[in-house]
Enquirer: 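My questions will all concern the structure given below.
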Protein chains: 2
Amino acid sequence: MTQAQPAPAPAPEGSWLGDALPPVRLTKAQSRVVDALVLNPKLASYADLSEIAAKAEVNGSSVVRTAQALGYRGWPDLQRELRARYLVHISATAPLTHLVEVRSPVHDSLLHDVENLREAVESIDPEAAQAAVDALCSAKRILVVAQGSYAAPAVVLAHLAATMGYPATFEGRSGVHLASAVSSLGPGDVLVVVHLWRSLRQLVTAARRAKEAGATVIAITDLRFGPVARASDHALIVPSEGVYAFQSATAATSVAYGLLAGMEAKEPERVREGLERTSSLWRDFDLYEA
Amino acid sequence: MTQAQPAPAPAPEGSWLGDALPPVRLTKAQSRVVDALVLNPKLASYADLSEIAAKAEVNGSSVVRTAQALGYRGWPDLQRELRARYLVHISATAPLTHLVEVRSPVHDSLLHDVENLREAVESIDPEAAQAAVDALCSAKRILVVAQGSYAAPAVVLAHLAATMGYPATFEGRSGVHLASAVSSLGPGDVLVVVHLWRSLRQLVTAARRAKEAGATVIAITDLRFGPVARASDHALIVPSEGVYAFQSATAATSVAYGLLAGMEAKEPERVREGLERTSSLWRDFDLYEA
DNA sequence: GAATTTCTGCAATAGCAAGTGCAGCAGATC
DNA sequence: GATCTGCTGCACTTGCTATTGCAGAAATTC
């Protein structure tokens, strides 16, 4: 707990605050509030007005007025800003901090997904990842299923695996289509289920039945002990917190690329041949400009 | 005795929660709350009761009762605990990330895509992003086109925009299908072209013709001065370096989420209604387990 | 298949946190 | 040294958020 000395102006740079506190002329009490905020990031991010006031040894109204003097509507408004910066600060390394100045929903989403990817580095079990790669490489057939927006990672995996010459297909429909696709799976085949958030009945059923039929089931999902993960042989757990109402499949998408890279690392020769075959087809189809 | 025998217990260990959630018998709604908390650490640590309730799609009272069932006095009490653990978790793990010696293709891919996202923070022009959001919100119709693995971001954008009630569709096929889809575009419509790497003839043509017909064209692409970007009204430039042979659409995917968040920010009321309509349909279709 | 038990959601309530008018006081200025 | 300006703190008000009682809805058991 530091006694506030009449600070000249809000710390301009160098701190975790960035430009959250514009260089406005502040009064004595207001400087004490700012000092308290700068020195107690955690408190500043989560405490309520009265706690901040106590820490700065000023009256609550001074906290409110400080926030307003800095251009915010009030304390909650300022706190939101501080919280966002603090969270970025403690989890980011140096290069990121200076970027935080650009704020838009798109930038927020990118920064948020950076966190998801970092988390994924921890949540993905390397052994499960390797086991998944091994299974994919030795599969007689690979079926990737997912629904709605979670098709994103699934499409990456299926399309590019096929591009590399693996017998991979994607089924994004449910009902009868999913049923047909799953019914043909058996020993030696691999089913990849991509799903986040609340479990979809049909996907869980697909996983269970495929496993019963002797296929290897790989799950890319966000709940370590959810139904999808439990119905799988190898579960890759990805974080999925999104910036708005939806869960983010960004980390799952990156995992898909990682699996593909793992397949290449394991069977470079086979992949090289597969890619060559595919790209010669691309040439013959004359798909690309220039 | 107890009626349902729902989720056995919250995720025991390995996650950021530690033993914050004791292994208590939980009901259906309570498991949903716990799942939402586990999957959305940031939200869980700062959001208020109503936001958590919305995320878990339960009534606020269920959130309170979940907290009490877990041995806390109420939601604020549980939130304090979660917040503390989350902060410890991110500050403990974040600096560690570089030191982490887990090397697998999947981990390489994740770390690689972290860089892509960070670069995207710089390469995305905030004004273009806002312009894209504005166009999407006021569109009579939204058509999202992409091919192969680049369908990933496109599917996210189209599916979730439609979920939010916007008239969005995705066309992932080329040839006659792409032609039909594009031919109906005119003034007031928006075409979103997602494409990385070498330009596909048909996509460039689609963009040009749509623009000629008076539609607004948004490009999500990696070449700032490539044909796709030049044929567009608003270009969002994303880095796309992949860990192996393929370009990574991970950053593009995150951008898609960002656009959706931007649309919500601009028209919260409309989106809320749209989401409600969709989720009532989900309920009627009885898609989800438990 | 009926009854009982248990859960969920709604709505009213209680409690609290943020904001603001007012008065006193301190510092600045003439 | 007197006056004036304007900051600070107190106390009140307003608005909102967490909680809980209650009723309807599932679901389990007999």
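Numbered from 1 within each chain, the chains take letters A, B, ... in sequence-line order. Since this is a predicted model, take the numbers as computed values, not measurements.
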Enquirer: Has B:Asn59 got a side-chain N or O lying under 4.0 Å from the OP1 or OP2 atom of C:dC10?
Expert: yes
Enquirer: Is the closest basic N to carboxylate O distance between A:Arg85 and A:Glu81 below 4.0 Å?
Expert: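 Salt bridge: yes.
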Enquirer: Output the residues of residues 42-53 of chain B in contact with DNA chain C, where contact means a heavy atom of the residue under 4.0 Å from an atom of the strand; sort by number or write none.
Expert: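 Nothing qualifies; none.
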Enquirer: Does C:dA18 have OP1 or OP2 sitting under 4.0 Å from an N or O in the side chain of A:Gln79?
Expert: no
Enquirer: Pick the nucleotide of DNA chain C nearest each of A:Gly60 and B:Ala29; which residue has the one closer to the 5' end?
Expert: B:Ala29
Enquirer: Donor-acceptor pairs under 3.5 Å, side chain of residues 42-58 of chain B to any protein atom, not counting sequence neighbours: which ones?
Expert:
unit_1  : atom_1 : unit_2   : atom_2 : d
B:Lys42 : NZ     : A:His112 : ND1    : 3.4
B:Ser45 : OG     : B:Pro41  : O      : 2.9
B:Ser45 : OG     : B:Lys42  : O      : 3.0
B:Asp48 : OD1    : B:Ser50  : N      : 3.3
B:Asp48 : OD1    : B:Ser50  : OG     : 2.9
B:Asp48 : OD1    : B:Glu51  : N      : 3.2
B:Lys55 : NZ     : A:Tyr244 : O      : 3.4
B:Lys55 : NZ     : A:Ala245 : O      : 2.8
B:Lys55 : NZ     : A:Gln247 : OE1    : 3.1
B:Glu57 : OE1    : A:Arg198 : NH1    : 3.3

Enquirer: Counting only side-chain heavy atoms from C-beta out, which of D:dG21, C:dT20, D:dC10 sits nearest to B:Arg65?
Expert: D:dG21
Enquirer: Would you check if the side chain of A:Thr66 reaches a backbone N or O of A:Ser62 as a donor-acceptor pair within less than 3.5 Å?
Expert: yes
Enquirer: Would you mind telling me which of D:dG9, D:dT19, D:dT8 lies closest to the side-chain atoms of A:Val58?
Expert: D:dG9
Enquirer: How many Å lie between CH2 on A:Trp75 and C1' on C:dA18, as a whole number?
Expert: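 So the CH2-C1' distance, A:Trp75 to C:dA18, works out to 12 Å.
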Enquirer: Any ion pair linking B:Asp35 and B:Arg32 (charged N to carboxylate O, less than 4.0 Å)?
Expert: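 Salt bridge absent between B:Arg32 and B:Asp35.
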Enquirer: What does A:Val63 touch in the nucleic acid at a heavy-atom separation under 4.0 angstrom: a base, only the sugar-phosphate, or nothing?
Expert: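 Contact class for A:Val63: none.
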Enquirer: Side chains of A:Thr250 and A:Asn116: do they bring a donor and an acceptor to under 3.5 Å?
Expert: no
Enquirer: Is B:Ser61 touching bases, backbone alone, or none of the nucleic acid, heavy atoms closer than 4.0 Å?
Expert: base
Enquirer: Under 4.0 Å between a side-chain N/O of A:Lys28 and OP1 or OP2 of C:dA26, yes or no?
Expert: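 Result: no.
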Enquirer: Between B:Ser62 and C:dC7, does any side-chain N or O lie under 4.0 Å from OP1 or OP2?
Expert: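 So the side chain of B:Ser62 is outside the cut-off, no N or O lying under 4.0 Å from OP1 or OP2 of C:dC7.
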Enquirer: Under a 4.0 Å threshold between the charged nitrogen and the carboxylate oxygen, would B:Glu269 count as salt-bridged to B:Arg272?
Expert: yes
Enquirer: Can any side-chain N or O of B:Tyr257 pair as donor or acceptor with the backbone N or O of A:Ala249 at less than 3.5 Å?
Expert: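 A pair under 3.5 Å: yes.
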Enquirer: CZ of B:Arg25 versus C1' of C:dC7: gap in Å, rounded?
Expert: 14 Å
Enquirer: Quick one: B:Gln68 CD to D:dT20 P, roughly how many Å, whole number?
Expert: 5 Å
Enquirer: Nearest-Å distance, CD (B:Gln30) to P (C:dG9)?
Expert: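 It is 11 Å, rounded to the nearest whole Å.
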